[in-house]
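Below is one structure; the comments refer to it alone.
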Amino acid sequence: MQTAQHLIGWLHGIRYRLAHALRRRSGINARPRAHPVVVSLTSHPPRLSTVFLAVESLLNQSFQPDRIVLWLSTAEVNAADLPDTLRRQQKRGLEIRLVDENLSCYKKLIHAIEKFPDCHIVTADDDFMFPRHWLRDLYRAHRRHPDCIAAYRGYWFSRRAARELRPYNLWPPADNATEPSFDIFPTCGAGAWFPPHALGARVTERQLFMRLAPDADDIWYKAHALLARTPTLMARPRSVTFPMIFARGSQDTTLWQTNERANDAHLKAVFTHFDLYSTLSRADARGDPARLYRRAGRRRKRLFDIGLALVCLPLLSVPMLLIAALLKATSRDRVLYWSKRVGKGGVIFNMPKFRTLKPIATVSAAATAAPVDRTAHANAAREYESFGKFLRYTSLDELPQLFSILKGDMSFVGPRPIEPVEAGLIALRAEKEVDSLAPGLTGWAQVNGRDLLSDAEKVDFDMQYLSRRSLWLDIKILFITVAQVIRRKNISF
């Protein structure tokens with residue numbers, strides 16, 4: 001799934017490795033400014049060998065910063081552990097500051113605010129390579145609105161009620177948000193410009209942020225921007241993604257992955273503690289999930305489903321007839337198994353599948369007086385037909401669902417249809433508004449783990465799909481599904 005990102009990152013990595021090897025000039029501004037510009041970032045041991053690529057991109061900016069500071073914790077890194085790549089960059093302007101405490105993601109901004117209170121501070125992540133005009137564009141946004149935070153990536157706040165926010169993964173991107181607003185939630189990793197004193201004096205209260213949002217620095221900073229009445233704007237009309245640095249082992253547990261399920265809890269804790277709900281706009285049409293995917297997009301998706309189903313049915317009719325004939329020849333039971341499933345909006349529908357399990361043996365009238373071995377009875381229900389396991393193994397038992405797609409009960413891509421007895425998952429989907437989607441033959445959760453995921457993880461992936469869905473994403477998921485079925489990846493039964 002990340003092949004293209006890896007390729008782009010690899011090509012830019014070559015570029016900055018060459019720059020690191022060949023360039024000797026300083027990347028720091030030599031002319032004094034009234035309020036110096038400090039680019040601040042942090043890193044940890046798994047990325048220490050590759051962070052020089054991010055620094056190299058920062059040393060090659062068209063608008064040069066006055067300082068580039070890399071904050072490292074002595075709890076993780078010793079001075080002797082610094083790689084030669086960073087030592088060479090120190091001669092060109094990089095400052096490496098070792099601090100005793102380990103504030104995790106907060107290191108890149110909290111220490112800079114304390115050490116450089118009258119400076120403009122620009123945050124950057126250690127796993128991005130930033131283009132040449134990255135800092136210039138942030139500076140121009142700052143010049144248009146000097147008292148605002150400027151960011152490359154952000155989202156519109158979205159609420160369900162006066163004191164209840166929608167799940168973070170459902171917030172729409174802050175596109176065309178080049179005018180200041182309190183309703184924009186900026187993220188710091190791709191770059192955010194903080195003017196002096198933009199976050200107020202209490203932003204450095206360590207005990208409080210480590211209690212309320214230990215791994216969610218963006219939430220903490222936004223809360224203090226609201227308290228200080230500092231609005232946000234986007235540096236460009238759309239959020240930007242920069243080439244990533246892929247270091248082996250460093251992406252296994254990223255902060256983004258850690259925050260996937262924790263952000264909602266952190267948001268609630270911070271907003272409740274500071275009573276921030278009233279600081280946001282009450283108008284929330286931009287955050288309505290029904291508007292995230294416009295009517296034209298929903299119409300295109302439906303036409304795509306119908307068109308693809310009409311193409312697939314003639315091509316798969318012979319295999320489907322052959323499977324039906326084999327099932328009929330090897331069993332006295334029905335060829336199709338109709339299962340009640342929960343559809344869009346919680347509506348129950350009948351979903352067809354080729355029957356792969358033997359029917360539960362009926363107990364004869366003569367045997368009803370005798371005790372029933374319920375364990376053996378349950379095991380009998382899990383016995384496969386003669387080639388039922390093959391159908392499950394190859395996912396061919398799902399083919400009749402093409403008719404459900406034509407009918408409109410299902411889509412090619414969406415959350416997998418679940419049984420009405422799965423009350424916990426149904427409630428979780430309703431809470432996260434995933435039930436606004438039609439169930440799918442495959443889905444974003446299926447290609448990211450399928451049977452190996454917990455219910456919470458499945459809903460998280462479905463939320464990602466809900467907020468980012470597009471026709472191209474559907475096509476991508478379908479191709480990945482075919483590849484995984486061929487490779488038998490992430491399937492257990």
Side-chain angles (χ1 to χ4, degrees), residues 160 166-167 170 288-290 292-293 295 298-299 301-306 308-310 312-313 320 324 327 333-360 362 377-378 381-382 385 388 391-392 395-447 449-451 453-467 469 474 477-478 481 493:
R160 278 189 180 135
R166 282 195 171 93
L170 296 185
D288 186 350
L292 295 182
Y293 200 54
R295 182 177 299 175
R298 294 195 297 271
R299 189 182 299 117
K301 181 178 175 68
R302 180 64 185 142
L303 290 174
F304 173 77
D305 286 340
I306 294 173
L308 186 56
L310 291 175
C312 290
L313 278 171
M320 291 171 68
L327 283 173
D333 206 32
R334 295 178 180 177
V335 170
L336 293 179
Y337 169 70
W338 293 86
S339 174
K340 291 191 179 297
R341 298 298 170 110
V342 180
K344 183 177 180 180
V347 176
I348 305 297
F349 72 99
N350 290 318
M351 185 189 76
K353 298 178 69 173
F354 281 124
R355 187 170 45 78
T356 58
L357 300 174
K358 291 182 178 180
I360 300 175
T362 57
H377 190 69
R382 293 300 304 171
E385 291 288 355
L391 294 178
R392 291 283 290 272
S395 297
L396 292 174
D397 62 321
E398 310 278 358
L399 292 180
Q401 292 168 33
L402 290 170
F403 294 103
S404 293
I405 294 173
L406 276 177
K407 185 181 176 183
D409 289 335
M410 294 178 62
S411 173
F412 271 99
V413 179
R416 281 296 291 151
I418 56 177
E419 297 180 359
V421 296
E422 300 182 66
L425 183 53
I426 293 171
L428 189 57
R429 283 184 172 183
E431 177 188 350
K432 303 300 184 180
E433 304 184 26
V434 172
D435 62 350
S436 63
L437 295 166
L441 190 65
T442 184
W444 191 232
Q446 279 62 50
V447 300
R450 193 169 172 169
D451 300 328
L453 298 175
S454 67
D455 286 351
E457 290 170 330
K458 289 177 182 176
V459 172
D460 283 339
F461 281 114
D462 289 334
M463 289 168 61
Q464 291 176 30
Y465 174 75
L466 175 59
S467 62
R469 55 186 166 159
D474 282 8
I477 292 171
L478 288 171
T481 301
F493 61 89

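Everything numeric here is computed off the predicted structure, so don't read it as measured data.
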- In sequence, state the C-alpha distance, the side-chain angles, and the governing distance for Leu310 and Leu406, and then conclude on side-chain contact (heavy atoms from CB on, under 4.5 Å). CA-CA 8 Å; Leu310 291 175; Leu406 276 177; 4.0 Å; yes
- Minimum side-chain heavy-atom gap Phe412-Thr442 below 4.5 Å: no
- Task: Could you tell me whether the side chain of Gln464 and the main chain of Phe461 form a donor-acceptor pair under 3.5 Å?
- Result: no
- Identified side chain to side chain contact (heavy atoms under 4.5 Å, CB included) partner of Leu466 from the options Pro415, Ser436, Pro167: Ser436
- Supply the atom-to-atom distance Cys312 SG to Asp305 CG, rounded to the nearest 0.5 angstrom. 10.5 Å
- Query: Yes or no on side-chain contact (heavy atoms from CB on, under 4.5 Å) for Leu308 and Leu478, after CA distance, side-chain angles and deciding distance?
  - Reply: CA-CA 11 Å; Leu308 186 56; Leu478 288 171; 3.8 Å; yes
- Could you give the distance from OG (Ser404) to NZ (Lys353), rounded to the nearest 0.5 Å? 11.5 Å
- Query: Would a 4.5 Å heavy-atom cut-off, applied to side chains only, mark Glu419 and Lys340 as touching?
  - Reply: no
- Message: Closer than 3.5 angstrom, by distance alone: can the side chain of Arg341 be matched with the main-chain N or O of Met351 as a donor-acceptor pair?
- Response: no
- Message: Less than 4.5 Å apart, side chain to side chain, heavy atoms only: is that true for Leu441 and Thr481?
- Response: no
- Is there a donor-acceptor pair under 3.5 Å between the side chain of Arg416 and the backbone N or O of Gln446? no
- Arg429/Glu422 salt bridge by N-O under 4.0 Å criterion: no
- Item | Atom CZ of Arg334: over 12 foreign heavy atoms under 6.0 Å | no
- Please step through side-chain contact (heavy atoms from CB on, under 4.5 Å) for the pair Met320 and Phe354, ending with a clear verdict. CA-CA 9 Å; Met320 291 171 68; Phe354 281 124; 4.1 Å; yes
- Message: Quick check: do Lys301 and Val413 have side-chain heavy atoms less than 4.5 Å from each other?
- Response: yes
- Task: Indicate yes or no: at least one non-hydrogen side-chain atom of Phe403 is less than 4.5 angstrom from one of Leu313.
- Result: yes
- Query: Roughly how far, to the nearest 0.5 Å, is the CG atom of Leu428 from the CD1 atom of Ile418?
  - Reply: 9.5 Å
- Looking at Arg355 and Leu391, what are the two nearest heavy atoms and their distance? O-CD1, 4.4 Å
- Any side-chain heavy atom of Trp338 within less than 4.5 Å of one from Leu336? yes
- Between Ile426 and Pro420, which heavy-atom pair has the shortest distance, and what is it? CD1-O, 3.6 Å
- Message: With a 4.5 Å cut-off on side-chain heavy atoms, are Trp444 and Arg469 touching?
- Response: no
- Which value, rounded to the nearest 0.5 Å, describes the distance between Asp409 atom CG and Ile348 atom CD1? 11.0 Å
- Query: About how many Å separate OG1 of Thr356 and CG of Leu396, when rounded to the nearest 0.5 Å?
  - Reply: 11.5 Å
- Which pair of non-hydrogen atoms, one from Gly440 and one from Pro417, has the smallest distance, and what is that distance? O-CD, 3.4 Å
